[in-house]
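Reviewing the structure listed below.
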Amino acid sequence: MSVLDQVIRERRSTRHFSDEIPSKGLIESVIEAGLLAPFAAASSSNRYARRFVVVSRGNSVLLKLADVVQKQAQKAFEELSRQSDAVPEFGVKAKNFLGRLEMTMKQGPLGIGSAPYYIVVAEPKGIPEAQMQSIAHCMQNMWLKATELGLGFQLVSITGQMGDNSDFCKLVNLPVGEYKMDGCAIGYPALNLPPRPEYPSVSEITTWLL
Ligand SMILES: Cc1cc2nc3c(=O)[nH]c(=O)nc-3n(C[C@H](O)[C@H](O)[C@H](O)COP(=O)(O)O)c2cc1C
């Protein structure tokens with residue numbers, strides 16, 4: 001098996017991190033991998049406009065960010081609950097996400113404070129709006145690099161809802177409303193993850209039109 005195949009197989013979501021702090025050099029290598037990921041050039045006026053904000057657990061900003069995100073989750077929960085009550089079919093579809101929001105609202109956002117580093121990846125909004133796809137490519141590169149380095153990685157996708165939140169944007173030093181963003185947590189995994197559940201085979205889920 002090639003190294004790439006192995007890293008792709010080993011990549012998992014880490015949700016429990018140890019207290020050990022990865023070196024700045026390791027985090028920089030992960031960011032370098034993200035930096036090299038494709039970006040939506042046609043929807044960007046700048047040649048390279050992707051930005052990274054690394055917040056360490058040692059910085060008091062991290063707790064403030066967690067607090068702001070928790071409040072945002074509460075707002076989103078209330079809004080989605082209203083919509084679910086009004087349209088029951090919508091409520092059925094939104095049930096899982098509503099549960100996640102409720103957990104974030106009650107316990108705070110997983111990944112902001114539970115790992116040594118929380119990293120925000122941001123790209124200025126453009127036309128067409130392709131920034132979230134672009135950021136997803138970046139996250140995947142970072143995730144694979146983190147895996148290769150033995151680091152745990154968790155997506156903190158509620159970060160995607162924070163671009164218009166002025167408190168959040170001030171804390172991460174980005175202009176309010178101008179960027180699309182996503183986030184991740186990085187540290188050393190605290191536990192060995194259970195094996196992946198069984199996935200279907202390629203042939204089961206692929207249609208060939210030859
Ligand atoms: C768009 C997207 C958003 C996600 N958001 C989160 C998140 O906010 N928190 C989290 O713990 N995992 C998040 N995940 C991770 C998935 O739950 C995870 O990848 C999936 O359950 C498969 O598990 P694995 O990553 O261990 O292979 C997200 C994944 C994707 C693709």
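First listed ligand is number 1; within each ligand, the first listed atom is number 1.
- Of all protein heavy atoms, the one closest to atom 1 (C) of ligand 1 is Leu155 CD1, 4.8 Å.
- Using a 4.0 Å cut-off to heavy atoms of Trp143, the atoms of ligand 1 that qualify are 19 (O), 25 (O).
- Here the straight-line distance linking atom CD of Gln133 with atom OG of Ser43 works out to 8.5 Å at 0.5 Å rounding.
- Atom 10 (C) of ligand 1 lies below 4.0 Å from at least one non-hydrogen atom of the protein.
- Evaluated for a ring-ring contact (aromatic ring centres under 6.0 Å, His included) with Phe153, the options Tyr118, Trp143, Tyr188 yield exactly one hit, Trp143.
- Residue Arg11 places a heavy atom under 4.0 Å from ligand 1.
- Atom-to-atom distance recorded for Lys24:NZ and Tyr117:OH is 8.5 Å, nearest 0.5 angstrom.
- Interface of Ser13 with ligand 1, defined as ligand atoms under 4.0 Å from a residue heavy atom, comprises 15 (C), 18 (C), 19 (O), 24 (P), 25 (O), 26 (O).
- Selection from Ala136, Ser157, Gly111 by nearest heavy atom to atom 4 (C) of ligand 1 gives Ser157.
- Heavy atoms of Phe153 found under 4.0 angstrom from ligand 1: none, in either backbone or side chain.
- For atom 22 (C) of ligand 1, the nearest protein heavy atom (residue, atom name, distance) is Tyr199 OH, 4.2 Å.
- Distance check on atom 30 (C) of ligand 1: some protein heavy atom falls below the 4.0 Å cut-off.
- The hydrophobic cluster around Val202 extends to none of the other residues, as no ILVMFWY side-chain heavy atom falls under 4.5 Å of it.
- With rounding to the nearest 0.5 Å, the separation of CG in Leu35 from CZ in Arg51 is 9.5 Å.
- Within 6.0 Å of CG on Asn96 lie no more than 12 heavy atoms contributed by other residues, nucleotides or ligands.
- Short contacts between ligand 1 and Arg196, defined as distances under 4.0 Å to a heavy atom of the residue, involve ligand atoms 27 (O).
- The side chain of Gln154, and not its backbone, has at least one atom closer than 4.0 Å to an atom of ligand 1 (non-hydrogen atoms only; side chain from C-beta on).
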Worked check of salt bridge (charged side-chain N to carboxylate O under 4.0 Å, His left out) between Arg50 and Glu123: CA-CA 5 Å; Arg50 185 176 282 155; Glu123 293 187 19; 2.8 Å; yes
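- A donor-acceptor distance shorter than 3.5 angstrom exists from the side chain of Lys125 to the backbone of Gly177, with no hydrogens or angles considered.
- Protein heavy atom closest to atom 16 (C) of ligand 1, with residue, atom name and distance, is Arg15 NH2, 3.8 Å.
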